[in-house]
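Please read the structure below before turning to the comments.
A note on names: the letters A, B, ... follow the listed sequences, proteins ahead of strands, and every chain is numbered from 1.
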Amino acid sequence: MPDADKPTLLVIDGHSLAFRAFYALPVDSFTTRDGQHTNAIHGFLSMLLLLLANENPTHLAVAFDMSRASFRTREYPEYKGTRGETPVEFKGQVPLLQEALQAMGITTLEKEDFEADDILATLAARGRADGYRVLLVSGDRDTIQLVNDDVTLLYPNTQGVSQLKRYDPAAVVERYGIRPEQYPDVAALVGESSDNLIGISKVGEKTAVKWLGLYGDLEGILAHADEIKGVVGQNLRDQRENAERNRRLNRLVTDVELDVQLDSLAAKPIVIDEVRPLFERLEFRTLLERLAKLVDAPAAGAAGAASAEVEAPAVSAPQAPASQALTGDVLAEWLERAVVAEPAGLGLSLDVLEGVVIGAGIATSDESVRLSWRADDEAVAPFARWLASASPKIMTDAKGQLKAIARSGLEVDGLVLDTLVAGWLLRPNLTERSLADLVDVHLGEKLPQADPSLLVPEEGSDAGAPEYAWYTLRLAPVVLRALPESTRTLLADVEMPLVPVLAAMELRGVTVDHGELGALSAELGDRAAALAAAAYAEIGREVNLGSPKQLQEVLFDQLAMPKTRATKTGYTTDASALVDLQESNPHPFLGYLLEHRDATKLRQIVESLDKAIAADGRIHTSYGQIGAATGRMSSNDPNLQNIPTRTEDGRRIRKAFRHGTEYVELLTADYSQIEMRIMAHLSGDPGLIEAFNEGEDLHRFVGARVFGVDPVDVTPLMRTKVKAMSYGLAYGLSAFGLSKQLRIDRAEATQLMKEYFERFGAVRDYLRGVVEQARIDGYTETIFGRRRPFPDLTSPNRVHRENAERAALNSPIQGSAADIMKIAMTTVEAELASRGMASRMLLTVHDELIFEVAEGESETLETVVRDRMASAADLLVPLDVSVGRGRDWEHAAH
DNA sequence: CTTACAACGTA
DNA sequence: CGTACGTTGTAAGC
């Protein structure tokens, strides 16, 4: 029977999907007036409606776990043992969800002693036998084993539940490199942390798949365990019982006794009036409307508006339109028509070769155009005009293309959206860093790629600029719709205007003196050699001082020193441990080693900077706008955000950073104590706010409060302690950490924290509240609406959870500082341009900006920079900016 | 040749 | 047992 004629059985793992929805949707947007949480129910039903519309199932059931206990926990009590208590906010939603399903006439199933997945397995087997096409929806990877020609798995991606990835056998092979029935063998070898199943040490997905290729299945692998060499082979022999147990536990049961027949699962028409009372009680207005639409037009809705959210099957994924090569008047006419057809913007992608534009692709939703570019070519002049106009453009990873445009002598305006930046705002932790990733995650499609095994790519087999432009355009509404309102504002007002600013800064670069670096490098090299020789003399042999492994032999075997803190591969030899050792077991080798580390580290930085000096005598770093999950920018190739400043030798590196010949000096401007100010603002702590408004030395003021003395009587030691405490707060510092840093005992550190929080109680309340709120929402948010998800806050693993708690604590603070700096950069750049000033912004180092000052502009520049930076945000405390000027970066410091 | 890790520079 | 990054060299597996 052709597939299309088969009845379709849809079976959903209710718990798994509702749980995903629970964490995907903010609970505070889904709470009824009387306080009932509904996010899990809403998310689940929303997904269900999409499935009904898109898949047209003829038969339908939702399976639930009856309890956590099952035959698996009887065999292995630790099964799923790492899972924490189910949040009560979730638990309460399950009965309501079941009630809603019942009202919709959908069968719910559960079976004592089995998990929902076993019910899925059983129905899949029965459905297949009876000639059904089966669709399973589950967030449990174990269900991959059920996939076959008749059974397809829809798996929610990390995004939530509104987007489902479709696994048929081919998709499983593509994703995992194995056939579906092999998946449990892989999982058995690798282990599954969420089920608390430990696998074979050192065996990851790659190794497991390789073994399967060699020996067929787990049984074969274990039979040939003796042939596998190396540590992993030994681990396999030692731990084979883990794999065998895992395999027993992850085999889903396909013959659970269920007291339903498939016939009885036939989809019944939904009666709106049956559903209405409950939906109204749950305040599901839009869901009710959607449901009503679905009931009115059951089949026609299949390819309707909702299709963007649930993926269409791979075979019917839309294809990029064939591109047309246009020039001259025809191009002009096409552009005129296209900008009207796509008022939100056209997709645009540039072909860049050796830094300059050599072609372009422009797309509407159903057409695309390609151009080969020659800057002097009249034939593409209409494109250049459109590019320079404010007509809206949508790009992916625009920064590099903007640089190429500038280098090619072209102008660009109207960049309204960079889908890469938008995608990052949506999922700042994750690593979709290319158009292909975005297409995969947000459209559920594959960006066509040339087959890498072909030496000469097939004509048209991979995507060029017109295809990139077309995919970019299609991504735009998907990512924009997914962004919360506040984040959308952040994107439009902060991130997008920053893109061209960063491009300009990268193009400008900064002058660095090659001779100065060369001299410094030689000197550091000599010093390192001498220190190495002295170190070798102390231990009577030469070792590689850069090898932690060899150092461990020297320290703990040869010199018999006490073991330090453990690392994954032994015992640490880091600087703080060496200093501790020097105190307990003084030895000249330690001193030489530490100094050698300093010298080689510094030389390495000098060398890499020197190598990065371009033909124009300047270093052009790249900024990663989507670098950090907190919102900060990163710098790479080379990293100019970690140039030493704390030691004299380090500062010599900064002296090599100069102004260019057309300029008279460098100016640096930094926000003083911006993170503490943000903490004062967010916590509203009256003491801290007063401290900043007083305008006197912050740490002195705080020290006076904490130690109960007059500000003038705060000793340097007291100030140091309080300063460390204040800064540590924003990082989730513990009493243990504080005592270690200040080298004071635990009791004193605890006392210090206690005193601090007694005087600045609102700070403590705020920090505590951040984590609590994040646990509820699943994310933190900065002052300007930047969100960062924290799924691990509910992790049953204490280490993971506490790490997440500290990161969550820090995120709104570090992230708000990043927001403010980004706003400041955009406004400063705009102000300099509007005043027609020649001075220009070169670098940013998180809370510092560095400018090149043109003749006669020193005073004006300082005023503009101070003013724009200080007014970038309106907080409860002033933003203080300190400025310095000088011939080089070091002299310009203050 | 690629990948993981330890170590360390900055804010 | 303090957050966020990027870079480097070594070691180990390929």
Side-chain angles (χ1 to χ4, degrees), chain A residues 202 204 206-207 210 229-233 428-429 543-552 564-578 593-594 597-598 600-609 611-612 621-624 626-647 649-651 653-654 670-675 724-742 746 749 767 780 788 798-799 802-815 817-818 821 843-849:
Chain A
K202 298 271 175 191
K206 286 202 173 140
T207 310
K210 188 184 71 181
K229 287 181 293 195
V231 181
V232 281
N429 291 325
V543 294
N544 186 340
L545 296 177
S547 163
K549 192 167 178 256
Q550 295 181 36
L551 286 178
Q552 286 172 52
T564 54
R565 175 172 54 83
T567 66
K568 282 187 185 176
T569 53
Y571 300 93
T572 185
T573 66
D574 70 14
S576 75
L578 294 181
L593 175 58
L594 280 165
R597 282 250 179 91
D598 285 345
T600 48
K601 176 74 181 175
L602 227 45
R603 193 167 83 109
Q604 170 235 108
I605 292 177
V606 172
E607 285 288 307
S608 66
L609 287 176
K611 276 208 279 285
T621 188
S622 304
Y623 288 105
I626 64 173
T630 50
R632 273 191 180 177
M633 290 156 286
S634 64
S635 158
N636 61 279
D637 285 318
N639 183 356
L640 294 188
Q641 293 181 330
N642 70 343
I643 305 303
T645 187
R646 288 175 195 177
T647 61
D649 284 319
R651 286 192 289 272
I653 300 180
R654 294 196 171 216
D670 65 51
Y671 282 116
S672 15
Q673 299 135 349
I674 187 167
E675 297 196 347
M725 173 84 209
S726 289
Y727 278 112
L729 278 180
Y731 302 139
L733 186 70
S734 64
F736 176 86
L738 186 63
S739 71
K740 206 160 172 224
Q741 189 190 330
L742 292 173
R746 278 285 282 282
L767 293 171
T780 59
R788 178 177 174 193
R798 203 182 75 174
V799 176
E802 290 180 350
N803 283 342
E805 285 171 357
R806 287 190 296 272
L809 201 78
N810 173 260
S811 244
I813 300 168
Q814 193 184 116
M821 182 51 104
L843 304 177
T844 167
V845 189
H846 305 312
D847 64 3
E848 176 184 15
L849 292 176

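The residue A:D670 sits apart from the nucleic acid: no heavy atom pair falls under 4.0 Å. In this structure, A:R806 reaches the sugar-phosphate backbone alone: every heavy-atom distance under 4.0 Å involves primed, P, OP1 or OP2 atoms, never a base. Heavy atoms of A:T573 sit under 4.0 angstrom from primed sugar atoms or phosphate atoms, though from no base atom. Backbone-only contact: A:R788 has heavy atoms under 4.0 Å from sugar-phosphate atoms and none from a base. If you check every strand for non-hydrogen atoms under 4.0 Å, A:K549 touches sugar and phosphate atoms only. Contact annotation for A:K210: backbone-only contact, meaning every heavy-atom pair under 4.0 Å involves sugar-phosphate atoms and none involves a base. Residue-level contact check: A:A817 touches neither bases nor backbone, having no heavy atom under 4.0 Å from any strand. Base engagement by A:Q814 is indicated by at least one non-hydrogen atom pair under 4.0 Å involving a base atom. Within 4.0 Å of A:A575, counting heavy atoms only, lie sugar-phosphate atoms of the nucleic acid but no base atom.
The footprint of chain A on DNA chain C, defined by a heavy-atom cutoff below 4.0 Å, extends from C:dC1 to C:dC14.
Closest heavy-atom contact between A:A724 and A:L733: O-CD2, 4.3 Å.
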Open item on the list: Using side-chain contact (heavy atoms from CB on, under 4.5 Å), reason through A:M821 and A:I674 one step at a time and then give a plain yes or no.
Closed with: CA-CA 10 Å; A:M821 182 51 104; A:I674 187 167; over 6 Å; no
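Counting only heavy atoms from C-beta on, A:R597 has its side chain closest to B:dC8 among B:dC8, B:dA6, B:dT10.
Counting only heavy atoms from C-beta outward, the side chains of A:I643 and A:L609 approach each other to under 4.5 Å. Residues A:L545 and A:L593 meet the side-chain proximity criterion, which asks for heavy atoms closer than 4.5 Å. Side-chain contact between A:V606 and A:I653: present, with at least one pair of heavy atoms (C-beta onward) separated by less than 4.5 Å.
With sequence neighbours excluded, no residue forms a side-chain contact (heavy atoms from CB on, under 4.5 Å) with A:S608. Qualifying side-chain contact (heavy atoms from CB on, under 4.5 Å) partners for A:A575, counting only residues two or more places apart in sequence or in other chains: A:L594. For A:Y623, the side-chain contact (heavy atoms from CB on, under 4.5 Å) criterion is met by A:K399, A:L502, A:M505, A:E506, A:T621, A:S635, A:Q641, A:L843, A:T844, not counting sequence neighbours. Applying the side chain to side chain donor-acceptor pair (under 3.5 Å) criterion to A:R565, with sequence neighbours excluded, gives A:D574.
Shown here is A:Y727, whose OH atom has more than 12 heavy atoms of other residues, nucleotides or ligands within 6.0 Å.
Per the geometry, OH belonging to A:Y623 stands 17 Å off P belonging to B:dT10, to the nearest Å. The CD atom of A:Q550 sits 14 Å away from the P atom of B:dA7 (whole-angstrom rounding). In this structure, A:R603 atom CZ and B:dC8 atom P are separated by 17 Å, rounded to whole Å. Rounded to a whole Å, the CG atom of A:L602 is 15 Å from the C1' atom of B:dA7.
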Are there any protein N/O atoms within less than 3.5 Å of an N/O atom in nucleotides 2-5 of chain B, and if so, which ones and at what distance?
none

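For the pair A:R646 and B:dT10, the criterion of a side-chain N or O lying under 4.0 Å from OP1 or OP2 is met.
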